[in-house]
Amino acid sequence: MSAAQLQHLKLWFAGRAKNWDLAAYELRQLTDSLAEAAVFYPGIPVSNITTMKEPLLAIADAVQVGDERKFAASVRALTDGCNTCHTSLERSFIFIRVPTDQQPPANQVFAPIGGTQKK
Ligand code: HEC
């Protein structure tokens, strides 16, 4: 889940920087991590996984067209899903939020660097 935490954070900063290629990449990574978590922790109610599906698809749509508002809203919905699952597994003390702009991982550039960008 530490990987998911970092991917969630990077997804957010990439989208905020309108680096949609990086956001699409982090979204794929995060989706894989969540799928792995589902396999790794048997006992997780299926509804907790399906709850994540809708926001993940909404984020994918937002990233595809570069819709900043939809991106922010759907990442927030996804984040609620993280907490719903933690709470249902008696881990409500693991509370995830959309990162604040003061705390990016300082060792990675999030703005697009040349290359091929959609926008
Ligand atoms: C399907 C259920 C489920 C979902 C969805 C889920 N988690 Fe978790 N998460 C867990 C479980 C279970 C643990 C506790 C693992 C343990 O105790 O070994 C956990 C633990 C964590 C931890 C603590 C790990 C540590 O070592 O400090 C973080 C951080 C975390 N999750 C982040 C997230 C983020 C971010 C999301 C959403 C993108 C998310 N989780 C979605 C089930 C879930």
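As the structure lists them, so they are numbered: ligands from 1, and atoms in each ligand from 1. Heavy-atom basis, side chains included; hydrogens, waters and symmetry copies ignored.
Counting only protein N, O or S atoms closer than 2.8 Å to atom 8 (Fe) of ligand 1 gives 2.
Close approach of ligand 1 to S2 is summarised as follows: ligand atoms under 4.0 Å from at least one heavy atom of the residue are 25 (C), 26 (O). Atoms of ligand 1 lying under 4.0 Å from at least one heavy atom of L34, given by number and element, are 41 (C). Near M52, meaning under 4.0 Å from one of its heavy atoms, ligand 1 places the atoms 5 (C), 37 (C). Counting the atoms of ligand 1 from 1 in the order shown, those under 4.0 Å from a heavy atom of L89 are 12 (C).
Once rounded to the nearest 0.5 Å, the distance linking CG of D61 with NZ of K70 reads 4.0 Å. Remark: Q7 CD to M1 CE distance equals 9.0 Å, nearest 0.5 Å. Between the CG atom in L11 and the CG atom in L6 there is a gap of 11.5 Å [rounded to 0.5 Å].
Without hydrogens or angle criteria, H86 side chain to S92 main chain gives no donor-acceptor distance under 3.5 Å. Not a single donor-acceptor pair under 3.5 Å links the side chain of N19 to the backbone N or O of A14.
Linking ILVMFWY side-chain heavy atoms closer than 4.5 Å, directly or via other members, places I96 and L30 in two distinct hydrophobic clusters.
Scanning all protein heavy atoms for the shortest distance to atom 18 (O) of ligand 1 gives Y41 OH, 3.5 Å.
Contact of the F13 side chain with the P105 side chain is registered, since non-hydrogen atoms from C-beta on lie closer than 4.5 Å.
Under a cut-off of 6.0 angstrom, the local environment of CZ in F110 is crowded, with over 12 non-hydrogen atoms contributed by other residues, nucleotides or ligands.
Screening T51, L56, L57 for a side chain to side chain contact (heavy atoms under 4.5 Å, CB included) with K53, the sole residue that qualifies is L57.
Neither the backbone nor the side chain of T84 comes within 4.0 Å of ligand 1, counting heavy atoms alone.
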